[in-house]
Protein chains: 2
Amino acid sequence: MTARQDLLDTLAQVGKALGSGHRLALLERLAQSEASVESLANTAELTVGNASAHLQHLRRAGLVTATRSGKQVIYRLTDERIVTLMSLLRDVAETNLAEVERLVSRLFDSDDPGGTLEAVSRDDLLAGLREGSVALLDVRPHEEFQAGHLPDAINIPLDELETMLDALPRDREIVAYCRGPYCVLSHEAVERLRKLGFRVRRFDEGFPEWKAAGLPVH
Amino acid sequence: MTARQDLLDTLAQVGKALGSGHRLALLERLAQSEASVESLANTAELTVGNASAHLQHLRRAGLVTATRSGKQVIYRLTDERIVTLMSLLRDVAETNLAEVERLVSRLFDSDDPGGTLEAVSRDDLLAGLREGSVALLDVRPHEEFQAGHLPDAINIPLDELETMLDALPRDREIVAYCRGPYCVLSHEAVERLRKLGFRVRRFDEGFPEWKAAGLPVH
DNA sequence: CCATTATTCTAATAACTAATAGAATGTTTG
DNA sequence: CAAACATTCTATTAGTTATTAGAATAATGG
């Protein structure tokens with residue numbers, strides 16, 4: 001019955017691929033949009049060689065695919081379920097590991113100004129959008145926004161925020177989102193916009209989760 | 001921004017825990033029912049010491065919990081979502097790794113006698129049960145059956161099969177199930193019962209998936 | 001409270017994985 | 001076709017993980 005063990009070992013390859021913070025960072029970046037090795041290496045703060053090695057690892061596990069485009073090699077997630085897999089991983093970790101809670105609160109530190117307590121759920125966001133009572137703000141870099149975003153979202157990357165205030169409504173509530181539940185960009189945006197008198201909260205998920213849920217994207 | 005990396009590393013702990021065939025075997029066994037270290041070591045074909053070490057690993061990742069009961073320490077899955085997590089892992093591996101297909105066909109070899117092609121889906125099974133046209137056969141060991149099984153299933157472990165034929169109907173189709181999609185017990189049962197003239201197919205999932213789907217168990 | 005049984009811990013070894021620097025490969029552009 | 005660029009490969013090193021055997025701990029039953 002070694003065939004069975006071989007099978008489990010092969011499944012374990014996929015688990016192993018998820019078993020490195022650097023690889024999860026790469027996957028999280030790829031959940032926003034496809035990207036070249038160099039660009040992936042930058043966001044994950046790895047050397048190009050090292051990033052390449054990790055990407056090979058992910059490729060062997062069937063989580064990403066690569067195609068060459070000119071000088072560059074473009075990596076992408078093989079399918080949407082990989083986002084679901086990561087969400088579930090996060091979910092299980094959140095409920096079963098006290099440490100995660102501690103780390104999340106360190107990530108979103110201070111006394112929760114614009115924080116988790118007041119985050120908007122997907123259902124609430126959908127309701128707000130339906131009745132036109134909220135404006136959506138995407139604070140990711142232009143590149144990621146262009147690769148896909150929630151319908152009718154305005155894109156103002158965090159570092160352009162203060163120069164683009166005119167684009168934001170003052171008569172409606174703003175909901176800011178970015179890469180996912182642990183992305184700090186939207187958090188930061190909420191904090192800064194509040195100080196400027198805007199009514200704003202953050203979405204408790206991000207673009208990849210929205211898309212994986214089968215909701216419309218542009 | 002090291003807090004973020006710490007967080008990803010902690011999530012990676014959970015991935016790492018899934019990154020070993022032996023640990024997946026332990027989890028698969030635990031998906032049937034809680035069990036002692038020795039019994040787990042036996043089904044996974046590990047030394048007790050080694051099994052214990054792997055179980056510690058799973059515990060640190062929050063996937064299992066342990067309680068002492070007399071001389072024994074009983075391990076169990078922390079929650080049902082872990083079954084879902086494993087299913088998704090399998091799912092992703094199946095669609096993205098050609099190798100898995102190769103291994104599955106090696107596991108269920110021969111020219112598919114009573115095999116995958118003819119396996120019954122969950123929906124079909126539910127329909128058959130509703131209209132009373134199928135009888136359910138659980139071929140797992142008594143211990144696992146007693147810890148939980150599909151409603152109205154008859155339990156005949158594989159090694160008692162030939163001695164218990166009277167308990168099986170000849171006027172209805174029999175659907176055999178066991179531990180999960182890669183469990184060979186039901187496959188073997190189908191093969192043997194067919195030779196004896198029974199009308200029988202296998203369920204393409206197992207008890208843990210049924211339970212995780214929120215369907216009734218006894 | 002000693003013997004028995006079940007599990008965990010410890011130390012040692014073997015096997016595997018991650019990271020780095022630098023060479024090699026493949027693609028485009030002048 | 002040479003130069004520039006992006007990526008992968010190779011070899012080396014350091015660090016981590018798996019396994020085993022055996023000692024230590026914990027609970028039970030005489």
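The basis for the numbers below is simple: all heavy atoms, side chains too, and nothing from hydrogens, waters or symmetry mates. Each chain gets a letter, A, B and so on, in the order the sequences are listed, and its residues count up from 1.
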Any carboxylate oxygen within less than 4.0 angstrom of a Lys/Arg side-chain nitrogen, looking at R194(A) and E118(A)? yes

Rounded distance (Å) that lies between atom C1' of dT17(C) and atom CG of L18(A): 16 Å

May I ask you to verify if any side-chain N or O of H54(A) is less than 4.0 angstrom from the OP1 or OP2 atom of dT17(C)? no

CG of D9(B) versus P of dT17(D): gap in Å, rounded? 11 Å

Whole-Å distance between dT8(C) C1' and H57(B) NE2? 17 Å

NZ/NE/NH1/NH2 to OD/OE distance under 4.0 Å, E144(B) and R179(B): yes

Partners of E28(A) by salt bridge (charged side-chain N to carboxylate O under 4.0 Å, His left out), sequence neighbours excluded? R90(A), R4(B)

Under a 4.0 Å N-O cut-off, is there an ion pair linking R106(B) with D6(A)? yes

So that I can compare with my own list, what are the stems of DNA chain C, taken as at least three consecutive Watson-Crick or G-U pairs with distances under 3.5 Å? C:1-30 with D:1-30

Grab the CZ-C1' distance between R60(B) and dC9(C) for me, whole Å please. 12 Å

Which letters describe nucleotides 5-16 of chain D, given B = protein heavy atom under 4.0 Å from base, S = only from sugar-phosphate, - = neither? BSSB--------

Strictly below 4.0 Å: does N50(B) bring a side-chain N or O up to OP1 or OP2 of dA18(D)? no

Does E45(B) pair with R29(B) as a salt bridge, N-O distance under 4.0 Å? no

Kindly indicate whether the side chain of Y177(B), heavy atoms from C-beta on, has any atom under 4.5 Å from the side chain of L137(B). no

Between S69(B) (side chain only) and Q72(B) (backbone N and O only), is there a donor and an acceptor less than 3.5 Å apart? no

With distance as the sole test, does R23(B) use its side chain to make a donor-acceptor pair with the main-chain N or O of A17(B) at under 3.5 Å? yes

